[in-house]
Participant: 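Take this structure, written in structure tokens, and hold onto it; I'll ask about it next.
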Amino acid sequence: MIILGTKPAQHDACFALVRDGEPLFIYEQERFNRIKHGMSSQLSVLFEALDEHGIAPRDIDLITNCIDPARLDARKEQTRTFLKGPAVDQMESYLDWRLPTWYRTLLAAGFPADRVVNIRHHICHVAGVYYASPYDDAAVLSVDGSGETETAMLAHGSGQDIRVLRTTPHPQSLGHLYQAATFWLGWGFGEEGKTMALAGYGDPDRCRAQLDRFIKVSDTGQFEFTPLEARDDNRFTSTELLEDVFVRFFGPSRQNGEPLSPTHKDVAAAVQAICEDVMLKSARFLKAETGAENLLVTGGVGLNSVSNGLIMRQGIFDRTDVYPQANDSGTALGGALYAYHRLGGTERRRVWHMKHAYWGKHIDLENVERAAAAHGQRARRSSNIVESAARLLAEGRTLGWVQGRSEVGPRSLGNRSILGNPTTDRIKQRINDGIKHRENWRPFAPSVLREDLATYFEADQDLPYMTVVALLKEEWRDKLASVGHIDGTARVQTVTEESNPRFYALLKEFKKLTGLGVLLNTSFNDRGEPLVQTCDQGLRLYTTSDMDALCIGDWLFTEKAPDPLAQPFAPYVYNFSRLAGLRLLLLEVDTHLPHPMRAHLAGLAAELVTTARWAADADLRLRYDGVVQYLDHSADKFVFDRELYYSDVAEQSRQIMEKEGIMVYWIDSLGDVVPARDVLYVHHESTKCPVPSSYERHWT
């Protein structure tokens with residue numbers, strides 16, 4: 001049985017294909033369109049992945065969607081408990097459009113309605129960790145920003161069954177509160193890890209009392225918001241919480257470039273303390289209710305490794321496991337596993353559990369020499385890449401390490417990593433300043449031989465995914481300061497020969513040379529970039545940074561030459577390649593393509609002509625292969641925003657395609673290239689546009 005699990009649109013878009021209960025691939029959109037957090041509503045990645053694995057879309061038995069529109073009425077009823085007047089109608093109109101959108105995206109891509117199953121969001125989260133675990137009995141704690149009607153779910157997995165014990169209803173959301181704090185601190189979507197790190201520098205007691213006026217946490221970890229003022233239109237979104245809570249209590253938001261003040265650090269510490277309070281008390285509730293020996297943590301808040309470490313240290317459960325895709329990308333695999341085990345009327349035994357995180361795309365080794373030549377580098381193969389790499393690391397060199405299939409989730413786990421000797425002087429600053437271009441107060445993580453974990457850390461369970469922090473032993477805190485945080489913790493990855501033979505061998509060889517079974521490990525990417533996906537991307541960062549050496553498979557680069565392609569990371573550099581060689585008409589009405597994008601596009605296109613207006617009788621197909629238009633926002637908003645879907649830009653794009661029979665491509669502000677045809681008919685009952693969808697060839 002072949003089941004496709006999807007998180008098909010918006011942030012953390014992801015596709016997981018499961019055959020007979022075991023994954024074939026888990027592909028995250030961000031690795032392909034190079035947009036951090038995978039903001040997209042375009043499914044080309046999915047169809048190309050199916051081609052890669054020799055599976056036609058029609059061969060798929062079930063397609064799962066991670067949002068269930070059937071819960072729409074329950075969500076509406078919920079909103080009436082905290083909204084009044086016109087705000088109720090506005091919210092219901094918003095929900096009528098939004099909740100079915102993920103499902104409609106799948107139908108618009110050609111998947112038949114009778115094969116698409118909608119699964120409750122938090123059930124996808126819970127199933128993604130329970131059915132991926134080796135346990136026949138486990139408590140599950142899922143907390144994030146929001147699902148259809150709940151923002152948290154506590155459940156008990158037993159045998160094949162999952163029993164929901166408790167949920168937290170809208171609008172109370174720990175995820176949204178934490179996100180609002182992150183926005184107040186001057187950071188953007190998905191940067192909650194910075195807030196978590198900054199918390200280590202603050203005193204939670206200085207600001208906790210103000211936040212306790214707003215959020216009440218019970219002894220069992222259930223929490224609720226207390227209205228601060230009489231407002232009938234407060235939806236308690238992250239942006240509203242930013243103003244109503246953080247600006248109100250602590251003053252204006254931090255601006256870009258503004259130094260971090262003691263108040264910023266204390267607010268981060270206070271919101272982190274609330275997060276830990278909720279998670280720890282919820283874990284104790286789960287232990288009392290289930291008696292289980294194992295706890296599984298998931299949901300976006302499940303990536304809070306500090307909270308996870310606290311639960312582990314408290315010893316409430318024998319094991320506390322947090323799998324790498326705790327965020328919404330994990331709902332793709334979760335939906336597929338739930339469908340396999342619970343749908344179809346046949347009970348199926350559990351045949352697989354997650355032993356490693358390497359379910360992404362293989363590195364394209366067949367292109368390494370070509371990519372090296374393009375970047376002006378000389379490639380040479382090493383007869384023993386592990387020995388060569390270990391020697392470089394022992395000498396204090398910084399090393400890019402790219403091997404096999406990429407890891408899933410936001411952490412590098414030894415296949416797309418930048419490595420260093422943690423005892424080398426100033427190694428942390430060298431990598432931060434010269435390669436990653438990020439703040440020096442943020443910690444790096446250690447990868448350690450599993451058998452050596454207890455030597456360096458106050459822990460003795462498998463921690464393979466960098467999702468749980470452990471305390472560094474006192475005698476190692478100074479020696480391993482580069483991989484420890486100011487609070488004495490580290491976000492550990494344990495490595496075994498079974499989980500990653502080559503990375504394990506590298507750690508063993510490094511230990512043989514240095515006596516140390518630990519490496520500094522950070523993700524192989526530049527600031528704002530997802531993990532590298534190709535040889536070309538790896539070589540770009542190697543040649544444009546201060547990285548000393550690079551290993552891709554058995555290929556070793558140590559003698560860096562000037563790079564003729566050298567330029568800073570930008571997603572459009574990769575996404576514009578799909579427009580290469582085309583004759584393009586650039587339509588500029590209200591928005592104008594930024595100069596760097598324009599220059600790059602002009603260098604790729606066979607012809608690029610700019611006009612300020614389109615004439616309906618222009619007969620464009622005789623002169624152009626496509627029309628290009630720039631959007632000053634991300635293209636996925638057209639699917640989720642009713643006004644944009646029927647805006648002048650959208651209608652004009654439809655008219656060009658329908659009357660001219662020519663493709664329209666949107667270049668959005670994030671640097672993505674989206675065929676408008678694949679977005680602009682998602683909410684149409686029938687489509688008459690003569691321009692074929694990007695997906696059509698996969699169905700014929």
Participant: State whether a side-chain donor-acceptor pair under 3.5 Å links Asn421 with Glu395.
Facilitator: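 No pair is found: no donor N or O on one side chain lies under 3.5 Å from an acceptor on the other.
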
Participant: Main chain of Gln325, side chain of Ser329: is a donor-acceptor contact present, judged purely on distance under 3.5 Å?
Facilitator: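 No, Ser329 side chain to Gln325 backbone: no donor-acceptor pair under 3.5 Å.
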
Participant: Can Asp433 and Asn440 be counted as having a side-chain donor-acceptor contact under 3.5 angstrom?
Facilitator: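 Side-chain D/A pair, Asp433 to Asn440: present.
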
Participant: The criterion is ring-ring contact (aromatic ring centres under 6.0 Å, His included); which residues satisfy it with Tyr201, sequence neighbours excluded?
Facilitator: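 Partners of Tyr201 under the ring-ring contact (aromatic ring centres under 6.0 Å, His included) test: His485.
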
Participant: Can you find a heavy atom in the side chain of Ser305 that is under 4.5 Å from one in the side chain of Val468?
Facilitator: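 Contact flag for Ser305/Val468 side chains = no.
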
Participant: Tell me whether the NZ or CZ atom of Lys560 lies within the 45° cone about the ring axis of Tyr542 and under 6.0 Å from its centre.
Facilitator: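 Verdict for Tyr542: a cation-pi partner in Lys560.
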
Participant: Just grab all the salt bridge (Lys or Arg N to Asp or Glu O under 4.0 Å) pairs involving residues 464-474, residues at least two apart or on different chains.
Facilitator: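 Listed by first then second residue: Glu474-Arg477.
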
Participant: State whether the side chain of Ser417 and the backbone N or O of Ser523 hold a donor-acceptor pair below 3.5 Å, judged by distance alone.
Facilitator: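 Such a contact is absent between Ser417 side chain and Ser523 backbone.
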
Participant: Any Lys/Arg nitrogen of Glu529 or Arg540 sitting under 4.0 Å from an Asp/Glu carboxylate oxygen of the other?
Facilitator: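 Between Arg540 and Glu529 there is a salt bridge, with a charged N closer than 4.0 Å to a carboxylate O.
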
Participant: Hey, does Glu293 have a side-chain heavy atom less than 4.5 Å from the side chain of Tyr135?
Facilitator: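 With C-beta onward as the side chain, the pair stays apart.
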
Participant: Between Tyr27 and Gln533, is there a side-chain donor-acceptor contact under 3.5 Å, judged purely by atom types and distance?
Facilitator: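 No, because no side-chain N or O of Gln533 sits under 3.5 Å from a partner of the opposite role on Tyr27.
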
Participant: Using 30° and 60° as the class limits, which term best fits the ring planes of Phe576 and Tyr572: parallel, tilted or perpendicular?
Facilitator: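 Correct class here is tilted.
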
Participant: Does any non-hydrogen side-chain atom of Asp321 lie less than 4.5 Å from one of Ser133?
Facilitator: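 A side-chain contact is absent here, since even the closest heavy-atom pair is not under 4.5 Å.
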
